[in-house]
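Accompanying notes for the structure given below.
Each chain gets a letter, A, B and so on, in the order its sequence line appears, and its residues count up from 1.
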Amino acid sequence: MKIRTRYAPSPTGKMHVGNLRTALYEYLIAKHEGGDFLLRIEDTDRERFVEGATDLIYRTLKETGLVHDEGPDKEGDCGPYVQSERVKAGIYQKYAEELIAKKEAYYCFCTQERLESLKQKIDDKEIMVYDKHCLSLSEEEVQEKLAAGVPHVIRQNNPTEGKTVFRDELYGDIEVDNAELDDMILIKSDGYPTYNFANVVDDHLMGITHVVRGNEYISSTPKYNRLYEAFGWDIPVYIHCPLITDEEHHKLSKRSGHSSFEDLIEQGFVTEAVVNFVALLGWSPEGNNEILSLTDLVENFDYHRISKSPAVFDFQKLKWMNGEYLKAMDESSFYEKAKDYIFETLPDIDEDKAKKISAMVKSRIEIWPDIPEMISFFAKLDDYDNALYTHKKMKTDESTALAVLKEILPFLETLENYSNDALYEKISAWISEHGYKNGYVLWPLRIALSGKATTPCGATEIMEILGRDETLARIGKGVLLLGG
RNA sequence: GGCCCCGUGGUCAAGCGGUCAAGACACCACCCUUUCACGGUGGUAACAUGGGUUCGAUUCCCGUCGGGGUCACCA
């Protein structure tokens, strides 16, 4: 049988990395087996609906490469693919009534106040279990209230005795007492279905074979199974993924600052790295290679290897991985992205030099915004500490630095060609003529030129970027600062 | 609190009765080097705990402890 999976987000804002992972896994499971991946918009919550969020979903899926085979913008045989449109078509109401006829569901006219009174507080958490109050209403009473237009919902009628068992591909069989199953609402008073109901109906109608979702749904799964059974429908394969947590082992929330795909892109991560990283949050490939493109993932993804325990979102590792992707980029596409950051920091630089800086920085950054801080010294020499001249391995200190800088300055003044290669050749020759070691001279030079202990390149490369005048000026200033 | 799930280094994570308990990030050291980085080599570091079962448990079972999830007219 052909595998069909679906990503079913509700358009309420940015794309949480947990949702991105769910979408990814759904996509991978389907594509690994040559199946279909569908997109269904679950906009049944009119209060949380955010204008534009649907577009964001399309954009994100497109950018990450999770291309769907059917969806609102790509009609298949199971449309419409937007739940609010399916509500208009009367789909959910029809199935809910079928359940009522089978005594598997019932109308409930309880008021908000009565429901409130059912709530109890345990460990400062509010818990409410519906007491089946309206189940005892007679047929006449129900018809009367319906005719009178009394606000109502439709509830699932769950048994209070016995057990329900369901199977998850990862967790195995899970058995729950039916007493734990409350009569959840299927159709809300505004006529819209709840997620719980719409999901089951649509998954069946759309022929979904594998349902991937977060761990938090595991406790409501037996209720879904009762729905499938009441209808006489086949139950899909369930795959509940482990939770993604922050460093404190708490559910990843907006507070962490990197909980959504959009946040991460904004922070300077590349899409491919984020997708790669998210795939590894709770799943591991068979081999030792962790750098995997979407194509690699499709090829290697085996959902049986999804882990059962929660995964911490390791921001440090994401950064490392992003760095790997940046290093693997070719020179020109790296430059295309890097140039904005370079020109933002060094507005007056010419393109040739910008390209050189881009190449320097490529193997040294993890995310794009690392660039400005790394290269800002080209534009302006900040105050620095003369202690930087002291370097044990180079055998340098302030006094040797002063001597060397004073000695080499006149020589540098005689040089005309300030290209890196020419400079390095001439200076190297000068160094050996004077019987010095490279570092003995180049270290102080680099400090005077940059005022920094670490730079994205060596002394002569800095000189090339700065040009003759600025080079001489900075070295002169260094000599002055050293008391010469 | 009821119910459910989980428990291998700081983090992710292989393992699926017998291993010197992989690998990755981070960290440390060394090499390379015009600093840093990259790259290379090596290193520190783990089976929560108590009982079983077994010739033998990280692996299977039970308890304990710890963590998480869920109990909405949200998904």
Any donor-acceptor pair under 3.5 Å between the side chain of A:T460 and the base of B:U34? yes
Check: B:C73 base within 3.5 Å donor-acceptor of A:S189 side chain: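 Answer is yes: a donor-acceptor pair is held.
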Under a 3.5 Å cut-off for both contacts, is B:A24 paired Watson-Crick or G-U wobble with anything, and if yes, with which nucleotide? B:U11
Partner nucleotide, any strand, of B:A57 [Watson-Crick/G-U, under 3.5 Å]: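 Check on B:A57: unpaired, no WC or wobble geometry under 3.5 Å.
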Rounding to an integer number of angstrom, what distance separates [N] and [M] when you compare their [atom1] atoms?
{"N": "B:C32", "M": "B:G50", "atom1": "P", "value": "48 Å"}
{"N": "B:U44", "M": "B:C28", "atom1": "C1'", "value": "7 Å"}
{"N": "B:U58", "M": "B:A46", "atom1": "C1'", "value": "10 Å"}
{"N": "B:U59", "M": "B:A48", "atom1": "C1'", "value": "16 Å"}
{"N": "B:C20", "M": "B:G63", "atom1": "P", "value": "33 Å"}
{"N": "B:C74", "M": "B:A37", "atom1": "C1'", "value": "47 Å"}

Pair up each side-chain donor or acceptor in residues 448-456 of chain A with any protein partner under 3.5 Å, not counting sequence neighbours, and list the distances.
unit_1: A:S450; atom_1: OG; unit_2: A:R446; atom_2: O; d: 2.7
unit_1: A:S450; atom_1: OG; unit_2: A:K452; atom_2: N; d: 3.1
unit_1: A:S450; atom_1: OG; unit_2: A:K452; atom_2: O; d: 3.3
unit_1: A:K452; atom_1: NZ; unit_2: A:E373; atom_2: O; d: 3.1
unit_1: A:T455; atom_1: OG1; unit_2: A:R446; atom_2: NH1; d: 3.0
unit_1: A:T455; atom_1: OG1; unit_2: A:C457; atom_2: O; d: 2.6

Which part of the nucleic acid does [X] contact within heavy-atom distance under 4.0 Å: base, sugar-phosphate only, or nothing?
{"X": "A:H240", "result": "nothing"}
{"X": "A:Q112", "result": "base"}
{"X": "A:D45", "result": "sugar-phosphate"}
{"X": "A:K393", "result": "base"}

Are there over 12 heavy-atom neighbours, none belonging to A:K132, within less than 6.0 Å of that residue's NZ?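 Atom NZ in A:K132 is packed in, count exceeds 12.
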